[in-house]
Amino acid sequence: MDKQLLRKQILAARSAMDRQQVTAKSERIIARLTELKIYQDAEIIMAYLDFRNEVSTASLVKQALKQGKRVTVPVVNRQERSMTPSLLERYPEDLIEGAYGILEPCQVKPLAPEELDLVVVPGVAFDERGNRMGYGGGYYDRFLPRLRAGAVTIALAYELQLVADLSPFMGPYDQPVQYILTEKRLIKCK
Ligand SMILES: Nc1nc2c(c(=O)[nH]1)N(C=O)[C@@H](CNc1ccc(C(=O)N[C@@H](CCC(=O)O)C(=O)O)cc1)CN2
Ligand SMILES: Nc1ncnc2c1ncn2[C@@H]1O[C@H](COP(=O)(O)OP(=O)(O)OP(=O)(O)O)[C@@H](O)[C@H]1O
C-alpha cells in the first residue's frame with residue numbers, strides 16, 4: 001500500500017465517527033492526559049486546535065488555562081510551511097479561523113519554541129515506535145527539531161489511527177513523537 005492510500009483510509013475511518021464518538025473518546029484521552037506527570041509538570045504547553053474529527057483538545061485548553069498554565073497554539077505560515085507557537089489567553093474568545101480553516105489566535109503573541117515544556121501533536125496515522133504521518137505539509141517535521149532537548153512530545157490519536165509499521169513511509173525529515181495517547185492506552189515510544 002502507498003502512503004497516500006493509507007492516509008486516505010485512516011482519514012475515512014476517522015471521518016466515519018459521529019460527534020458522540022469523537023466527544024466520548026476525546027474526553028477519555030484528555031482526562032488521561034491531564035493525569036500524566038508530563039502534563040502536570042508542564043508550565044508552558046503547545047496544543048493543536050482540532051479540525052476534521054481529530055481528537056478534540058477543547059477541554060484540554062480550558063483546563064490548562066484554568067490551572068494557570070501558559071497555553072500556546074500553532075499559527076501557520078503557509079508560504080514558509082512553518083508554525084509559530086502563539087499565546088492563547090482566552091478560549092475560545094481570542095480565536096478566529098486561520099489557514100486550512102483551523103482556529104488561530106486573532107492576535108499573534110509568539111513564544112520561542114525553546115520555551116515549550118510539552119507539545120501536544122496531531123496526526124493522521126501513527127505506529128508504536130512513534131512514527132507519524134500527517135497531512136503532508138511537513139509542519140511538525142520542521143517544528144519539532146526546534147524544541148529544547150528536555151521538551152516532551154505527545155500525540156493524541158484514536159486507536160483506529162494506529163497502524164503496524166509506518167517506517168517504510170518515513171523520510172529523512174520525519175520526526176517521531178515520544179508518546180502516543182489513545183482512548184485505550186499510553187504508548188511510550190522507542
Ligand atoms: N489541528 C491541526 N492543526 C494543525 C495541523 C494538524 O494536522 N491539525 N498541522 C499539521 O501539520 C498543520 C496544518 N497542516 C495541514 C496541512 C495540509 C492540510 C490540507 O488541507 N491538505 C489538503 C491536501 C493537500 C494540499 O492541498 O496541499 C487536504 O487534506 O485536503 C491541512 C492542514 C498546523 N496545524
Ligand atoms: N525540515 C524540512 N525541511 C525541508 N523540507 C521538509 C522538512 N521537513 C519536511 N519536509 C518536506 O515536507 C514534506 C512533508 O511531508 P510529510 O508527508 O512527511 O508530512 P507530514 O508529516 O505528513 O505532515 P505534517 O507534519 O504537516 O502533519 C515532504 O515533502 C518533506 O520532504
Side-chain angles (χ1 to χ4, degrees), residues 1-17 19 22-23 25-26 29-30 33 45-62 64 71-88 91-92 94-106 108 110-111 113 116 118-127 129-147 151 153-158 160-163 165-178 180-182 189:
M1 182 177 323
D2 71 7
K3 190 172 170 176
Q4 272 77 358
L5 185 59
L6 179 63
R7 185 183 275 131
K8 233 177 109 177
Q9 289 188 347
I10 304 280
L11 286 174
R14 198 180 68 182
S15 302
M17 287 192 295
R19 265 293 115 189
V22 167
T23 305
K25 290 180 194 203
S26 296
I29 293 167
I30 301 306
L33 174 62
I45 71 177
M46 177 159 106
Y48 67 90
L49 296 169
D50 58 282
F51 79 141
R52 299 182 185 161
N53 269 12
E54 287 175 329
V55 174
S56 170
T57 57
S59 64
L60 168 66
V61 172
K62 284 186 218 161
V71 178
T72 68
V73 298
V75 170
V76 161
N77 181 322
R78 279 179 95 140
Q79 280 73 40
E80 290 179 3
R81 301 221 141 207
S82 67
M83 296 191 300
T84 303
S86 177
L87 202 62
L88 180 66
Y91 180 93
D94 291 352
L95 295 170
I96 52 161
E97 205 166 283
Y100 306 108
I102 301 169
L103 292 171
E104 292 186 348
C106 42
V108 182
L111 262 70
L116 302 172
L118 178 69
V119 179
V120 180
V121 179
V124 175
F126 298 90
D127 71 18
R129 295 148 103 158
N131 290 317
R132 165 182 178 277
M133 188 189 292
Y135 281 103
Y139 287 98
Y140 280 88
D141 298 331
R142 283 185 194 79
F143 181 74
L144 296 178
R146 300 170 61 200
L147 300 176
T153 56
I154 183 165
L156 306 184
Y158 307 106
L160 64 83
Q161 293 177 271
L162 274 157
V163 300
D165 186 15
L166 281 180
S167 45
F169 308 119
M170 294 294 108
Y173 295 120
D174 281 303
Q175 298 293 318
V177 293
Q178 292 166 2
I180 302 168
L181 183 57
T182 77
C189 307

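Numbering starts at 1 and runs along the sequence shown. Atoms within each ligand, like the ligands themselves, are counted from 1 in listed order.
- Geometrically, R7 does not engage F169 in a cation-pi contact, judged by NZ or CZ lying under 6.0 Å from the ring centre and within 45° of the ring axis.
- Here the heavy atom of the protein found nearest to atom 9 (N) of ligand 1 is Y140 CE1, 3.9 Å.
- Inter-residue side-chain proximity for I45 and V119 is flagged as unmet; no heavy-atom pair is nearer than 4.5 Å.
- A heavy-atom separation below 4.0 Å is not found between G171 and ligand 2.
- In the vicinity of I102, heavy-atom distances shorter than 4.0 Å reach the ligand 1 atoms 2 (C), 3 (N), 4 (C), 34 (N).
- Annotation: atom 22 (O) of ligand 2 to nearest protein heavy atom, G134 N, 2.7 Å.
- Of the protein's heavy atoms, at least one falls inside 4.0 Å of atom 14 (C) of ligand 2.
- Close contacts of ligand 2 with R132, meaning ligand atoms under 4.0 Å from a residue heavy atom, involve 21 (O), 24 (P), 25 (O), 27 (O).
- Looking at N131, its side chain never comes within 3.5 Å of a backbone N or O of F126 through a donor-acceptor pair.
- Listed for the R132 side chain is no donor-acceptor partner under 3.5 Å among the backbone atoms of A155.
- Results of the side chain to side chain contact (heavy atoms under 4.5 Å, CB included) test with E104 over V76, L88, T84 single out V76 as the only residue that passes.
- Of the candidates E54, E104, R52, E54 brings a heavy atom nearest to atom 1 (N) of ligand 1.
- To the nearest 0.5 angstrom, Q175 atom CD is 13.0 Å from Y140 atom OH.
- Of the candidates Y100, F51, Y48, Y100 brings a heavy atom nearest to atom 15 (C) of ligand 1.
- The proximity of P74 to ligand 1, defined as any non-hydrogen pair under 4.0 Å, does not occur for either the backbone or the side chain.
- Of all atoms in ligand 1, numbered sequentially from 1 with element shown, those under 4.0 Å from a heavy atom of V76 are 33 (C).
- Closer than 4.0 Å to atom 29 (O) of ligand 2 lies none of the heavy atoms of the protein.
- In this structure, CG in L156 is found 8.5 Å from OG in S26, a value given to the nearest 0.5 Å.
- Distance CE/M83 to CE/M46: 4.0 Å, rounded to 0.5 Å.
- Side-chain atoms of R14 come within 3.5 Å of backbone N or O of R52 as a donor-acceptor pair.
- Counting heavy atoms from C-beta on, the side chains of S82 and R142 never come closer than 4.5 Å.
- With ligand atoms numbered from 1 in the order given, ligand 2 contributes 24 (P), 25 (O), 26 (O) to contacts under 4.0 Å with heavy atoms of Y139.
- Counting heavy atoms closer than 4.0 Å to ligand 1, residue R142 contributes nothing at all.
- Exactly one of T72, D94, V108, V71 qualifies for a side chain to side chain contact (heavy atoms under 4.5 Å, CB included) with S86. That residue is V108.
- Distance remark: protein heavy atom present below 4.0 angstrom from atom 18 (C) of ligand 1.
- Note: no N/O pair closer than 3.5 Å links Y135 and ligand 1 by distance alone.
- Residue contacts with ligand 2, taken as heavy atom pairs separated by less than 4.0 Å, involve D174 solely via side-chain atoms from C-beta onward.
- With rounding to the nearest 0.5 angstrom, the CD1 atom of I180 is 6.5 Å from the CG atom of D127.
- Of the protein's non-hydrogen atoms, Y139 CD1, 3.7 Å is the one closest to atom 12 (C) of ligand 1.
- Only the side chain of R7 comes within contact range of ligand 2, with a heavy atom under 4.0 Å; no backbone atom does.
- Heavy atoms of Y135 found under 4.0 angstrom from ligand 2 belong exclusively to the backbone.
- With distances taken over non-hydrogen atoms, the option nearest atom 6 (C) of ligand 1 out of G137, G123, P122 is P122.
- The CD1 atom of I102 sits 12.0 Å away from the CG atom of L95 when rounded to the nearest 0.5 Å.
- Between the side chain of Q9 and the backbone N or O of L6, no donor-acceptor pair lies under 3.5 Å.
- Of all protein heavy atoms, the one lying nearest to atom 27 (O) of ligand 1 is R81 NH2, 4.4 Å.
- Centroid-to-centroid, the aromatic rings of Y135 and F51 come within less than 6.0 Å.
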*asked:* Could you walk me through whether R129 and D165 satisfy the salt bridge (Lys or Arg N to Asp or Glu O under 4.0 Å) test, starting with their C-alpha distance in whole Å, then the side-chain angles of each, then the deciding distance to 0.1 Å, before giving a yes or no?
replied: CA-CA 8 Å; R129 295 148 103 158; D165 186 15; 3.5 Å; yes

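- Any N or O atom pair closer than 3.5 Å counts here, and L49 shares at least one such pair with ligand 1.
- Closest heavy-atom approach to atom 5 (N) of ligand 2 among the candidates R142, K3, M133: R142.
- Comparing Y140, Y173, F169 by heavy-atom distance to atom 3 (N) of ligand 2, the nearest is Y173.
- Atom 24 (P) of ligand 2 has as its closest protein heavy atom G138 N, 3.4 Å.
- Residue, atom and distance of the protein heavy atom nearest to atom 21 (O) of ligand 2 are D141 OD2, 3.0 Å.
- Within a 4.0 Å radius of atom 25 (C) of ligand 1, the protein has no heavy atom.
- Atom numbering of ligand 1 starts at 1 in the shown order; those under 4.0 Å from a heavy atom of M83 are 33 (C).
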